[in-house]
There are 2 protein chains.
Amino acid sequence: MGIGNVTERRLAPPQVGISVVILALAPDRGEAGRGRLWLPLVRRVRQPYLGMWALPGGGLSADRTLESSAYKALESTTSLHPRYLEQLYTFGGPDRSRGGLPMVSIVYWALVGQAETRDLAEADNVKWFPEDELPELAFDHRRIIDYALWRLRNKIEYPDVAVRLVGETFTLGQLHDVYEAITGESIDLANFRRRILASGQLEDTGAKQRIGRHRPAAVYRYVSRPADPDDGERPDLWNPAQWARSDRSDGTTRTAGERAGNQDARAHADALSALAR
Amino acid sequence: MGIGNVTERRLAPPQVGISVVILALAPDRGEAGRGRLWLPLVRRVRQPYLGMWALPGGGLSADRTLESSAYKALESTTSLHPRYLEQLYTFGGPDRSRGGLPMVSIVYWALVGQAETRDLAEADNVKWFPEDELPELAFDHRRIIDYALWRLRNKIEYPDVAVRLVGETFTLGQLHDVYEAITGESIDLANFRRRILASGQLEDTGAKQRIGRHRPAAVYRYVSRPADPDDGERPDLWNPAQWARSDRSDGTTRTAGERAGNQDARAHADALSALAR
DNA sequence: CCAAAAGTGTTACCACTACACCCATGA
DNA sequence: TCATGGGTGTAGTGGTAACACTTTTGG
């Protein structure tokens with residue numbers, strides 16, 4: 001691709017790997033503690049950083065997409081099958097290079113539901129850690145995790161993200177707990193319920209679930225496609241036709257928040273300005 | 001790029017490059033045509049795709065950050081100095097690999113103001129193209145550009161992005177035109193004015209500028225830091241301390257838009273689901 | 001005075017917050 | 001019956017869209 005446009009270049013090829021930050025909620029919901037976020041780490045069996053904990057990862061292969069490379073790396077190191085996997089950022093730079101070789105990590109982040117959590121066979125070299133009690137980490141993986149958590153907290157506004165952290169089905173109370181766990185704020189349950197239902201992304205399964213000894217709650221399921229015929233396809237990174245100018249066919253109006261900007265956008269912009277003169 | 005034979009393919013490191021999508025407004029504002037977006041391309045001087053147009057790009061070096069590699073690649077191919085540079089996405093996958101080698105492109109996108117536009121010495125092998133009249137492009141650069149444009153249109157809600165496309169100083173009318181050019185929608189000027197001023201990101205320079213033969217307009221400047229002492233530092237990708245949970249110290253409440261999610265988040269999520277089962 | 005862009009005021013609407021309230025259930 | 005979480009109603013608030021309106025300039 002862009003390589004070869006520049007005549008002067010004759011550099012040693014960089015080392016490239018894929019790493020994944022997997023996030024999940026603590027398995028239990030209940031009295032004990034509000035759910036914390038946990039993530040699995042693997043112990044390094046090679047130099048450098050031998051014996052230290054690191055993000056699961058792997059290499060690229062020519063016949064896979066980056067996503068499926070990430071997926072496979074995850075599977076082969078932890079047996080987990082995330083339902084949400086998104087490219088987070090690509091890290092590089094002088095502080096990462098070893099022996100004059102640029103070291104590049106393409107980092108994905110993944111969310112797994114509580115049910116899938118069991119898939120992870122904890123072993124000597126794979127272990128869950130709570131987000132706020134991480135061991136010392138290899139490379140700059142600590143920084144990467146912090147960034148992933150920050151992204152999660154700034155992205156939690158989108159219903160689909162939170163939904164991946166609970167199971168396939170869930171009550172609004174459970175989902176509410178997830179939101180509170182992630183944002184760290186307390187959220188009015190009544191308003192939360194209305195908002196989330198109004199988004200049209202949830203579907204009542206008809207089932208009821210009794211959590212404690214109280215009134216049973218309705219069980220919902222996430223539906224990505226609300227029964228809303230007139231809003232166009234959402235863009236798909238692999239389907240360029242969908243990136244065409246859309247004109248908001250869903251008829252919604254833009255609100256202040258959309259315009260004011262989320263931290264996400266700012267972080268990158270500011271990061272640049274701090275650096276590129 | 002027929003590097004590597006079949007046997008070494010498995011172990012051969014992937015080829016990694018950096019490419020940049022640079023966006024700018026057409027130099028003229030006036031009656032003629034509403035500003036369109038233009039971008040510079042460079043003509044390839046090597047196989048493959050020899051003679052075709054491609055995104056400016058270059059390689060990585062071990063002693064630079066990815067951003068500064070992008071910045072430098074841009075400078076050396078086009079002499080442009082963008083004031084906005086942000087990592088867009090990293091592309092890879094089987095459709096990109098050549099000769100069994102994974103080919104990865106870390107793509108940045110950049111915005112340059114109309115003033116800086118002159119820095120680009122148009123030559124045989126560097127040329128501006130309007131966004132909607134692109135030539136046939138090398139590799140999958142067309143797709144990348146489409147993605148960058150889509151990102152731009154979905155990020156234009158943030159005042160800082162639009163501001164990079166006009167000059168250092170500008171009238172509200174000019175800024176308004178930029179918004180309309182990018183979104184393709186017509187925006188009520190009166191409301192636009194109020195919103196943008198209310199954001200606190202603009203500062204009246206005191207100067208007046210007469211565009212046509214009409215009433216002169218106030219000239220504004222973008223200020224990233226509103227005189228607003230109690231809202232914390234914005235996160236900086238290179239300063240992990242700032243990723244800490246922030247609790248919205250600026251006292252604003254979240255609005256529907258922030259919660260409902262922008263297309264940005266959806267695109268990635270949907271892309272994944274379309275792929276990773 | 002006219003045309004055209006700059007800039008202001010006014011109203012109606014709608015999403016959201018806060019909080020009071022009712023419902024269903026097991027003990 | 002009580003306690004507890006599930007679930008609903010409703011008044012008030014604040015941001016914004018729509019659009020009418022005033023101001024300033026050159027011709």
Side-chain angles (χ1 to χ4, degrees), chain A residues 29-32 34 157 159 166 169-180 183 185-202 204-220 247-248 250-261, chain B residues 29-32 34-35 157 159 166 169-180 183 185-202 204-220 248 250-261:
Chain A
R29 161 184 151 91
E31 36 197 278
R34 277 327 197 188
E157 336 272 2
V166 285
T169 59
F170 45 85
T171 68
L172 291 186
Q174 290 172 322
L175 191 60
H176 174 251
D177 287 354
V178 172
Y179 271 75
E180 290 198 331
T183 62
E185 302 169 10
S186 76
I187 299 167
D188 184 291
L189 180 56
N191 295 328
F192 174 80
R193 148 188 302 281
R194 266 184 297 253
R195 267 201 331 258
I196 207 84
L197 289 177
S199 80
Q201 310 244 42
L202 298 194
D204 192 334
T205 62
K208 300 281 177 186
Q209 182 180 341
R210 182 157 38 250
I211 303 271
R213 55 214 161 288
H214 316 299
R215 174 178 177 176
V219 175
Y220 290 87
D247 287 283
R248 291 243 161 173
D250 58 359
T252 57
T253 55
R254 292 171 214 242
T255 61
E258 290 180 284
R259 202 172 288 106
Chain B
R29 160 186 153 90
E31 40 200 272
R34 274 330 194 187
E157 336 271 3
V166 285
T169 60
F170 46 85
T171 69
L172 291 185
Q174 289 173 322
L175 192 60
H176 175 251
D177 287 353
V178 173
Y179 271 76
E180 289 197 332
T183 62
E185 303 170 8
S186 76
I187 300 167
D188 183 288
L189 180 55
N191 295 329
F192 174 79
R193 150 188 302 282
R194 267 185 296 254
R195 266 202 333 257
I196 207 83
L197 289 178
S199 79
Q201 310 243 45
L202 298 195
D204 192 335
T205 63
K208 300 281 177 186
Q209 182 179 342
R210 181 158 39 251
I211 304 269
R213 55 211 161 290
H214 317 298
R215 175 177 177 176
V219 176
Y220 290 86
R248 291 248 161 168
D250 59 359
T252 57
T253 54
R254 293 172 213 244
T255 62
E258 291 180 281
R259 203 172 287 106

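Protein chains get the first letters and strands the later ones, always in sequence-line order, with residue 1 at the start of each. Keep in mind it's a predicted model, so treat the numbers as computed, not measured.
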Between [atom2] of [N] and [atom1] of [X], the distance in whole Å:
{"X": "A:Leu172", "N": "D:dT8", "atom1": "CG", "atom2": "P", "value": "9 Å"}
{"X": "A:Arg193", "N": "C:dC16", "atom1": "CZ", "atom2": "P", "value": "16 Å"}
{"X": "A:Asp188", "N": "D:dT8", "atom1": "CG", "atom2": "C1'", "value": "12 Å"}
{"X": "B:Asn191", "N": "C:dA6", "atom1": "CG", "atom2": "C1'", "value": "15 Å"}
{"X": "B:Phe192", "N": "C:dA5", "atom1": "CZ", "atom2": "P", "value": "16 Å"}
{"X": "A:Ile211", "N": "C:dT25", "atom1": "CD1", "atom2": "C1'", "value": "14 Å"}
{"X": "A:Leu189", "N": "D:dG5", "atom1": "CG", "atom2": "C1'", "value": "9 Å"}
{"X": "A:Ile187", "N": "C:dC19", "atom1": "CD1", "atom2": "C1'", "value": "17 Å"}

>> So A:Val166 and A:Tyr220, do their side chains get closer than 4.5 Å, heavy atoms only?
In response: no

> Does some side-chain heavy atom of B:Ile196 sit less than 4.5 Å from a side-chain heavy atom of B:Tyr179?
Replying inline: yes

> How long is the span from the CZ atom in A:Arg193 to the OG1 atom in A:Thr171, to the nearest 0.5 Å?
Replying inline: 9.0 Å

>> For A:Leu189, give me all partners under side-chain contact (heavy atoms from CB on, under 4.5 Å), at least two apart in sequence or on another chain.
In response: A:His176, A:Phe192

Side-chain polar contacts of residues 207-215 of chain A - donor-acceptor pairs under 3.5 angstrom, sequence neighbours left out - could you list them?
none

> Contact class for A:Ala198 (heavy atom, under 4.0 Å): base, sugar-phosphate, or nothing?
Replying inline: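 No contact.
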
> Side-chain donor or acceptor of B:Arg194 under 3.5 Å from a matching atom on the base of C:dG7?
Replying inline: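 Flag unset: no donor-acceptor pair detected.
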
> For A:Asp188, what residues pass the side-chain hydrogen bond (donor to acceptor under 3.5 Å, both in side chains) criterion, not counting sequence neighbours?
Replying inline: none

Nucleotides 22-27 of chain D: which of its N/O atoms have a protein N/O under 3.5 Å away?
residue, atom, partner, partner atom, Å
D:dT23, O2, B:Arg215, NH1, 2.7
D:dG26, O4', B:Arg213, O, 2.6

